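Worksheet for the structure shown next.
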There are 2 protein chains.
Amino acid sequence: MMLSRIERVCREKGLRMTGQRRAVAQVLSEASDHPDVEQVYRRAVDLDPNISIATVYRTVRLFEEVKIIERHDFGDGRARFEETGFKHHHHLIDLKSGNVIEFESEKLEQLKREIARGLGYELVGDRLELYGLPIGSDGAGEETDDQ
Amino acid sequence: MMLSRIERVCREKGLRMTGQRRAVAQVLSEASDHPDVEQVYRRAVDLDPNISIATVYRTVRLFEEVKIIERHDFGDGRARFEETGFKHHHHLIDLKSGNVIEFESEKLEQLKREIARGLGYELVGDRLELYGLPIGSDGAGEETDDQ
DNA sequence: GTAGCTGCAAAGGCTTTGCATGCGA
DNA sequence: TCGCATGCAAAGCCTTTGCAGCTAC
């Protein structure tokens, strides 16, 4: 059986691998969206029916601390998660469908650092989301939702 | 007696001016920081001892809806507010002191629009905060706090 | 006078935590 | 074995809301 990337990193970091952590790891490894805790929980239950939502909360916090996942806040009051990627990126939220589109821009990275430096600061973190409406949309669009 | 800018806008929008709303308006007009609800409440009590925190919550929501203040979320789980300015700007949070520095950048505005457009979206909103450490800091800095 | 505003306290949504039990290394 | 992990339920934090009384217009 093949280990998920997250699970591998867990071993490297010496974290105890329980069935529940394995389940959360797999869910987040496979997710291409940005699930919230509730969604992670529902998907994890399919892999390990014993998991509780409290454990999901504890596990995502743990994974975040060792930097194998990232926490996001898209302004709706709950946290969303994704596996840490190789490349720093940001998100554009499609206000019509709720979909999240990832993008990266070296120009943007430079500009952010430049602005911070200009104010006398070393940039150590940032948060950026764009909210947009699809060009050419008539507003009658379809929504996405989760199982 | 001179009306605050916010109070003037309230009248223009036909909002009923109560003592409590006047107090919140004045607090936000005078604030140069980005107070949270608790801080607005404490300052408003000095102007109108009858105000309750529920009213502060209702009032900032109302003011936000008519666009005379803006709501921000600096990642600490509570909302912060500031009077709407003439110019769109963003914030850099000094991680050493907690201070919030405002900045604007036309270059950045252009780049954001350009990125959104490139993804097929019309930019209708955004959120951007930079988190930084003062250059040349030894880490032994002073903190700010509020009355 | 009346619609709208307020205070109070209860409730709501997301998240954390205390405690006794369970389980991985 | 033994300490870390978990489930459950309670609690915490910020925010909203139902309701009865009050007030600006």
Side-chain angles (χ1 to χ4, degrees), chain A residues 1 3 6-27 34-42 44-45 47-66 68-81 146, chain B residues 1 3 6-27 34-42 44-45 47-66 68-81 146:
Chain A
M1 156 203 168
L3 297 184
I6 293 182
E7 200 173 330
R8 188 159 20 88
V9 177
C10 281
R11 291 200 184 287
E12 284 165 13
K13 303 250 180 189
L15 297 181
R16 186 175 288 187
M17 279 313 295
T18 65
Q20 291 91 332
R21 285 183 183 172
R22 235 186 297 276
V24 172
Q26 188 177 332
V27 166
H34 299 73
D36 62 27
V37 167
E38 188 67 33
Q39 292 170 321
V40 172
Y41 170 61
R42 288 200 301 253
V45 165
L47 303 172
D48 180 347
N50 286 327
I51 199 168
S52 74
I53 196 153
T55 294
V56 176
Y57 273 105
R58 282 190 274 236
T59 304
V60 292
R61 178 162 291 278
L62 176 72
F63 285 179
E64 186 193 0
E65 276 161 9
V66 299
I68 55 185
I69 66 174
E70 283 175 9
R71 175 187 301 261
H72 296 294
D73 169 11
F74 293 157
D76 56 1
R78 64 222 131 110
R80 298 172 169 278
F81 300 90
D146 185 41
Chain B
M1 155 200 168
L3 297 183
I6 292 181
E7 201 173 330
R8 187 159 20 87
V9 177
C10 281
R11 290 199 184 287
E12 284 165 12
K13 304 250 180 189
L15 298 181
R16 187 174 287 191
M17 277 316 293
T18 64
Q20 292 91 331
R21 285 184 183 172
R22 235 185 297 276
V24 172
Q26 188 177 334
V27 165
H34 301 72
D36 60 28
V37 167
E38 187 68 33
Q39 292 171 319
V40 172
Y41 170 61
R42 288 201 301 254
V45 165
L47 302 173
D48 181 347
N50 285 328
I51 199 169
S52 76
I53 196 155
T55 293
V56 175
Y57 272 105
R58 282 190 274 234
T59 304
V60 293
R61 178 162 291 278
L62 176 72
F63 284 0
E64 185 195 0
E65 276 162 7
V66 299
I68 56 186
I69 67 173
E70 282 176 9
R71 174 186 302 260
H72 296 295
D73 169 9
F74 293 158
D76 55 1
R78 64 223 130 110
R80 299 173 168 277
F81 300 90
D146 185 41

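The sequence lines fix the lettering, A, B, ..., with proteins before strands; numbering per chain opens at 1. No hydrogens, no waters, no symmetry mates; every other heavy atom, side chains included, goes into these values. Note that the coordinates shown come from a computational prediction; the quantities given were computed from them, not determined experimentally.
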> Which is true for B/I53 with a 4.0 Å heavy-atom rule: it touches a base, it touches only sugar-phosphate, or it touches nothing?
Replying inline: nothing

[X] [atom1] to [N] [atom2]: how many Å, rounded?
| X | N | atom1 | atom2 | answer |
| --- | --- | --- | --- | --- |
| A/F74 | C/dC14 | CZ | C1' | 17 Å |
| B/R21 | D/dC22 | CZ | C1' | 14 Å |
| A/E38 | C/dT15 | CD | P | 10 Å |
| B/L15 | C/dG4 | CG | C1' | 11 Å |
| B/F81 | D/dC14 | CZ | P | 13 Å |
| A/R22 | C/dA25 | CZ | C1' | 12 Å |
| A/I51 | D/dC8 | CD1 | P | 11 Å |
| B/R80 | D/dC14 | CZ | P | 11 Å |

Can you tell me which nucleotide in [options] comes closest to the side chain of [X]?
| X | options | result |
| --- | --- | --- |
| A/R78 | C/dT6, D/dG7, C/dC14 | C/dC14 |
| B/T59 | D/dG7, C/dG7, C/dT6 | C/dT6 |
| A/Y57 | D/dG7, D/dC4, C/dC14 | C/dC14 |
| B/V37 | D/dT15, C/dT15, C/dG7 | D/dT15 |

> Within the modelled atom types, does a donor on one side and an acceptor on the other bring the side chain of B/R58 and the base of C/dG7 under 3.5 Å apart?
Replying inline: yes

> Within the modelled atom types, does a donor on one side and an acceptor on the other bring the side chain of B/R16 and the base of C/dC5 under 3.5 Å apart?
Replying inline: no

>> Assuming nearest nucleotide by heavy-atom distance, tell me which of B/L62 and A/T18 is located more 5' along DNA chain C.
In response: B/L62

State, yes or no, whether a side-chain contact exists between [X] and [Y] at a heavy-atom distance under 4.5 Å.
| X | Y | answer |
| --- | --- | --- |
| A/T18 | A/R21 | yes |
| A/V24 | A/I51 | yes |
| B/Q20 | B/V56 | no |
| B/F81 | B/H34 | no |

>> Looking at A/R78 and A/D76, is there a salt bridge between them, counting it only when a charged N and a carboxylate O are closer than 4.0 Å?
In response: yes

> Distance check: side-chain N/O of A/Q20 vs OP1/OP2 of D/dG7, anything under 4.0 Å?
Replying inline: yes

